[in-house]
Structure formats: C-alpha cells, structure tokens
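These notes concern the structure reproduced below.
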Amino acid sequence: MTSAPVPAGDRPWRVLTRHFFNALFDFGIFSEAGTEAFKRALGGLAAVFLALGLLLLRIFAKKYAILAGAHATEGYQLALITDHAFLMAVPMWIVAFAVVLVGHALFPDERDYRILMTQPVSRWTIFAAKLLALLLFAGLFVAGTHLALAPLAALTMMSSLAPRPFVTQALVFELTSLAASVLAALSIVAVHGLLVLAVPRARLAAFSTFVRSALVSVLVLSLPLVGRLPGAAGDVAAHAWWMAWAPPMWFVALERWLAGGDERLSGSLALAAPLAMLFVLLVSVAAYGLLYRHFDRVILRSQSSRPPGRRSVASRIALTRPARLAIRRFAALTLRRSVLHQGIVVALSAVAVGLVVNAALSSDLDVQALAFWAPFPLMFVVSRAVRLALALPIEVRANWVFRMTDALTTRSEATGAAVATVLRLGVALPVAAIAPLHWLTFGPAAILMAIVAGLIGWLHAELLLQDWRRIPFTCSYMPGKGFVPQIFLKTLFFFLFFTTAGALALRLGLMAPAAALVVGGTVAAAASTLAVRRRRLARQAGLEFEDQLPNELNVLRLNVD
C-alpha cells in the first residue's frame with residue numbers, strides 16, 4: 001500500500017519556511033489590540049518618510065536642473081557618482097539593520113531543537129528553511145527600498161548630460177545596487193556564523209547580544225556618513241583615501257565600469273565589490289556547512305544563573321525599600337539579557353552619540369559651544385530610549401504574577417524604580433561621558449557644570465515619567481497613541497527647547513557661579529515637587545497592567561484599592 005503524495009504546499013521545507021518567516025514579524029510584545037495600533041503607527045511613520053522623500057526629490061530635481069542649464073558635464077559626472085553612492089548606501093543600511101534586528105533567528109533556538117528534532121525532518125531542511133526565511137525577509141526590505149528610491153535614481157539618469165542611454169544606465173544601476181544590498185545582508189550572516197563557531201558555547205548568548213548591540217550602534221553612527229555622500233564630489237575628484245573603505249563606492253565604481261568606464265574611479269575600487277561578495281558568500285556557506293552538522297552548538301539557551309555576590313553599600317541601604325530594590329534589579333537583568341530591549345536602548349543612544357559626533361565634525365561650532373550643548377541631546381534621547389524599553393513587556397500573559405502582588409504600600413516604590421533606572425542610564429551616564437570634555441575645556445568648573453546638568457536631567461526625567469504607573473516590562477504596550485507627524489513635530493520642538501535652554505543654563509553657571517546655584521536650586525525644587533506628585537498619583541490611581549488608547553473608555557478609580 002503506497003502512501004499518498006504530499007501536496008507541494010505541505011512539503012516540510014515550505015511549511016518550515018512559512019513558520020520561520022512569520023515568526024520574524026512576531027515581536028512577542030504586542031497584544032492583538034497592540035498589533036493593530038502598531039500598524040497604525042507604521043502608517044503614520046510612512047507618511048513622515050514620504051514627506052521627507054518628496055522633499056529629497058525636489059532637492060535632487062533642482063540640483064540636476066541647475067547642472068543641465070549650465071552644461072556642467074564634469075559637475076554632472078561627479079554628482080552622478082556621489083548620488084548613486086548615496087542611493088546604494090541607503091538600501092544597504094536598511095537591509096543590514098533589518099538583518100541585525102532578526103539576528104537571533106539566524107539559527108534554531110532551544111524550542112526549535114526540542115520540537116523539530118522529534119519530527120521526521122532533516123537538519124539540512126531546518127537550516128535551509130531558516131536561511132530561506134531570512135533571505136525572504138531581507139528581500140522585502142531590498143524590494144521596498146529600491147522601489148522607494150527608483151524615482152530619485154531615474155531623475156539622476158534622465159539628464160541631457162548623460163553620456164549613455166537611460167535604459168543601459170538604469171539596468172546597470174539596479175544590478176549593482178541589488179548586489180550591494182545582498183552584500184549587506186550576507187555580511188551580517190557571515191558575522192553571526194563566525195560568532196557561533198568562535199565563541200565558547202557557555203558564553204554564546206551573552207556575546208551574541210553584545211555583538212548585535214555593537215552592530216546596531218555602528219550602523220546608527222554611520223548614518224551621518226551616509227548623509228554626507230551626496231556632498232562628497234570634491235573628495236571623489238581628489239581620490240580621497242576613505243573611498244577604498246566605503247562599500248557603496250565599490251559598487252558605484254563597478255557600475256561605472258560596467259557602463260563603459262570612468263577615469264574618476266579606479267579599477268581596483270571596482271574590483272573590490274565582487275571580491276567582497278565572493279568572500280562573504282564563502283564565509284556564510286562555510287559557516288552554515290559546519291554548523292548544520294553540529295545542531296546542538298547553535299542552540300541559544302538562556303544564560304545560567306550565577307550566585308549573588310556581596311551586596312554593595314547602595315544595595316544594603318536600599319534594603320529598607322525591598323520592593324524598589326527588587327524591581328530595580330529586575331529592570332537591570334532584563335536590559336542586560338533581552339536583545340530587543342537592549343537593542344532599543346543601544347540604537348537610540350547611538351542616534352544621540354551620532355548627533356554629538358556630527359556636531360563635533362561641524363566647522364562652525366567651537367569646542368566650548370559643543371561642551372555646553374553635548375550633555376543635553378544625550379540625556380534627551382537616552383532617557384526616552386530607556387523609558388521606551390521599560391514600557392515594552394517581556395511576556396504580556398505573565399503579568400498576572402505582578403497583579404497578585406500589587407499592594408498600596410509598594411506602588412510608589414514601583415514607579416520610583418523606573419525613575420531610578422532612567423536617572424542612572426539616561427542622566428548619570430551621559431553626564432559622566434561628557435565630564436572629561438568639560439574638565440579639559442573648563443577645568444574645575446566642570447564639577448559645578450556636571451551638578452547643574454544632572455539636576456536638569458533629573459527634572460527632565462520626572463517630566464518624562466510623570467504619568468508612569470507601571471512596573472517595568474509588565475504592562476501591555478499600545479504604540480501610536482497619537483498622530484505620528486504631530487508627535488514628531490512636538491518631540492522636535494521640545495528637543496530644540498531642552499538642548500538650547502540647558503546649554504544656556506550651563507553657560508550662565510560658568511559666567512556667574514551664584515546664578516548656577518539659583519538655577520540648580522530652582523530645578524531641584526521643581527523636580528522634587530514632581531516626584532512627590534508622581535508618588536501620590538501612583539498610590540491613588542494604582543498601577544497599570546493594560547495600556548489603553550486615549551479614545552477608549554477608561555475606568556474611574558475612585559478608591560485607592
């Protein structure tokens with residue numbers, strides 16, 4: 001008796017690929033209502049990016065109209081090189097960032113191991129399905145970014161100064177740009193493959209989290225460099241040294257060579273693109289070829305618990321408030337072990353560092369002005385990053401444990417633990433990072449400046465968490481509670497106000513120390529008042545375990561129980 005043939009859609013590799021592909025979109029932190037809110041937030045974010053894209057299209061159109069009107073053939077060729085480098089770098093960055101975010105899905109985890117190894121499925125099928133799902137996921141970003149940038153790319157090649165037909169240029173550009181995006185995705189795959197092979201298995205989970213956070217940080221810090229590519233025509237004409245280390249320039253050189261050659265770009269630069277592609281492809285294939293034979297090595301288990309060491313002085317003092325100490329430790333452990341939450345903090349913090357570095361590279365900003373301004377963008381962005389990470393749940397269905405232990409006497413301590421975490425990571429850490437610059441610039445006056453900046457950061461944290469009534473990582477999260485473009489504009493306005501006012505306060509404190517004491521005292525009094533109000537609100541209104549949209553009906557908590 002022969003068994004019935006398996007339908008094509010139910011073959012193991014197809015079923016596993018669909019399963020792994022769908023899992024890449026499941027963050028595990030949203031409820032059903034939260035997922036719908038997240039979709040609405042993405043729609044608003046898409047509107048913001050569409051507006052920015054239209055603005056960029058207008059800038060490019062004006063630029064090439066001026067070049068065509070002046071018959072500036074040399075200027076057009078240089079602009080074509082730098083703009084194509086930019087148009088290739090943007091998809092490369094987006095694809096690399098997306099693959100880094102799902103880096104944990106490159107290899108099967110412990111749940112995959114326990115479930116799939118009991119099924120009649122080969123290891124090769126499991127690994128192939130994982131890799132295919134990842135490539136399909138990256139392909140969505142490749143296709144989306146290339147379609148979005150297609151009008152800009154077409155605009156650069158439709159000029160009357162173009163030396164070759166539009167169809168030829170467009171075909172060559174798309175081929176090389178797609179190859180550049182594939183290189184970005186394979187590079188992340190190769191890094192993770194080498195990581196799993198080289199790192200001892202006992203340290204794999206911790207080191208993998210560190211590497212992903214470092215890659216996110218590097219990618220975010222590279223954004224200002226990507227934005228500077230369209231203005232690098234002078235560097236291209238001078239054959240600047242950095243071109244040999246910029247992958248987008250490799251593929252632009254390859255594009256120019258395939259389209260007929262360009263003396264402005266060397267042949268060795270064009271050769272670097274296929275060599276890099278071949279290298280990362282071989283590393284990725286070799287890593288997967290070795291690892292699929294040793295399935296148990298790629299199982300990412302949770303880190304083993306370590307016995308607690310001696311308590312610090314701060315911890316012994318905090319034992320007088322055990323609930324606050326427990327929640328603070330819970331927050332610290334989660335931020336250290338959760339790839340998602342740590343990645344949010346690292347990525348947004350890297351944005352703040354990028355702002356400061358970009359300002360430092362600006363020629364019209366002196367060192368003193370930078371020292372006055374630098375702590376405040378760091379505190380503004382990092383504090384919000386930590387607050388966002390604390391708001392995202394680890395496991396929504398497990399918050400019943402915290403509901404059962406909710407008590408009137410510990411509610412204010414729960415909110416205080418969140419504020420303490422924001423103060424340590426979002427205020428104390430940025431102030432300490434900028435302290436050496438203050439000391440080198442202002443000498444002993446840097447101590448007073450650090451105190452004033454810390455007090456301003458404390459006030460900012462209290463304002464940020466004034467309505468905070470939840471234990472970190474335990475409440476469901478609803479993104480997109482407002483109109484995204486409006487939120488974007490409000491945040492931008494407050495960022496400009498906060499950084500400008502903070503820099504003026506430090507400048508005033510340096511000129512008149514007595515004024516610094518007045519400013520510091522006023523800010524400390526305001527922050528203390530907000531802290532008392534926050535604790536009273538937590539006791540009266542209770543803790544939140546279910547996030548709600550503003551237009552939903554909210555229960556009136558008329559008692560304190």
Side-chain angles (χ1 to χ4, degrees), residues 47-94 145-178 180-181 222-243 246-266 269-270 354-355 358-359 361-365 485 492:
V48 174
F49 284 122
L50 178 62
L52 294 176
L54 293 175
L55 177 62
L56 193 61
L57 181 62
R58 179 181 179 132
I59 294 173
F60 270 52
K62 184 176 180 180
K63 173 182 177 180
Y64 282 91
I66 293 174
L67 291 173
H71 300 284
T73 304
E74 180 66 19
Y76 169 78
Q77 294 295 335
L78 291 174
L80 193 66
I81 292 173
T82 55
D83 290 344
H84 279 198
F86 172 75
L87 294 175
M88 292 182 187
V90 171
M92 290 179 70
W93 190 94
I94 293 175
T145 52
H146 280 262
L147 287 175
L149 295 175
L152 284 175
L155 179 64
T156 64
M157 295 178 285
M158 294 175 65
S159 174
S160 59
L161 301 176
R164 300 170 189 87
F166 170 77
V167 175
T168 302
Q169 291 188 89
L171 180 61
V172 172
F173 172 79
E174 285 301 325
L175 289 176
T176 51
S177 185
L178 286 172
S181 299
S222 67
L223 267 179
L225 303 178
V226 173
R228 288 173 177 265
L229 283 175
D235 291 343
V236 173
H239 300 282
W241 62 270
W242 60 264
M243 294 170 57
M249 298 305 301
W250 305 344
F251 287 92
V252 170
L254 180 62
E255 177 208 0
R256 295 291 90 199
W257 180 77
L258 291 175
D262 194 323
E263 66 279 2
R264 301 168 189 83
L265 299 171
S266 63
L269 203 62
L355 289 173
N358 195 43
L361 296 177
S362 178
S363 58
D364 56 351
L365 188 67
L492 178 61

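These numbers come from the heavy atoms of this one structure, side chains and all, not from hydrogens, waters or symmetry mates.
- Atom CG of Leu254 and atom CE of Met88 lie 8.0 Å apart (nearest 0.5 Å).
- Panel note: side chain Tyr76, backbone Thr156; a donor-acceptor pair is recorded below 3.5 Å.
- Summarising the geometry, atom CG belonging to Asp235 is positioned 8.5 Å from atom CE belonging to Met243; distances are rounded to the nearest 0.5 Å.
- Between Lys63 and Pro230, the closest heavy-atom pair is NZ-O, 3.8 Å.
- Distance check, rounded to the nearest 0.5 Å: CG of Leu152 to CE of Met157 gives 10.5 Å.
- For Trp242, the CH2 atom sits in a packed shell: over 12 heavy atoms of surrounding residues, nucleotides or ligands are nearer than 6.0 Å.
- The side-chain heavy atoms of Tyr64 and Met158, taken from C-beta on, include no pair separated by under 4.5 Å.
- Heavy-atom minimum distance, Leu67 versus Ala79: CD1-CB, 3.9 Å.
- A 4.5 Å side-chain heavy-atom check between Met92 and Val226 finds every atom pair outside the cut-off.
- Residue Arg58 holds its CZ atom at 13.0 Å from CG of Leu155, rounded to the nearest 0.5 Å.
- For the atom pair Leu80 CG and Leu87 CG, the distance stands at 9.5 Å (nearest 0.5 Å).
- Using a 4.5 Å heavy-atom cutoff, the side chains of Val90 and Thr145 are not in contact.
- Scanning all heavy atoms of the two residues, the minimum distance from Pro248 to Ala89 falls at CG-CB, 3.6 Å.
- Residues His84 and Thr176 have side chains that never bring a donor and an acceptor to within less than 3.5 angstrom of each other.
- Rounding to the nearest 0.5 angstrom, the gap separating the CZ atom in Phe166 from the CZ atom in Phe173 is 10.5 Å.
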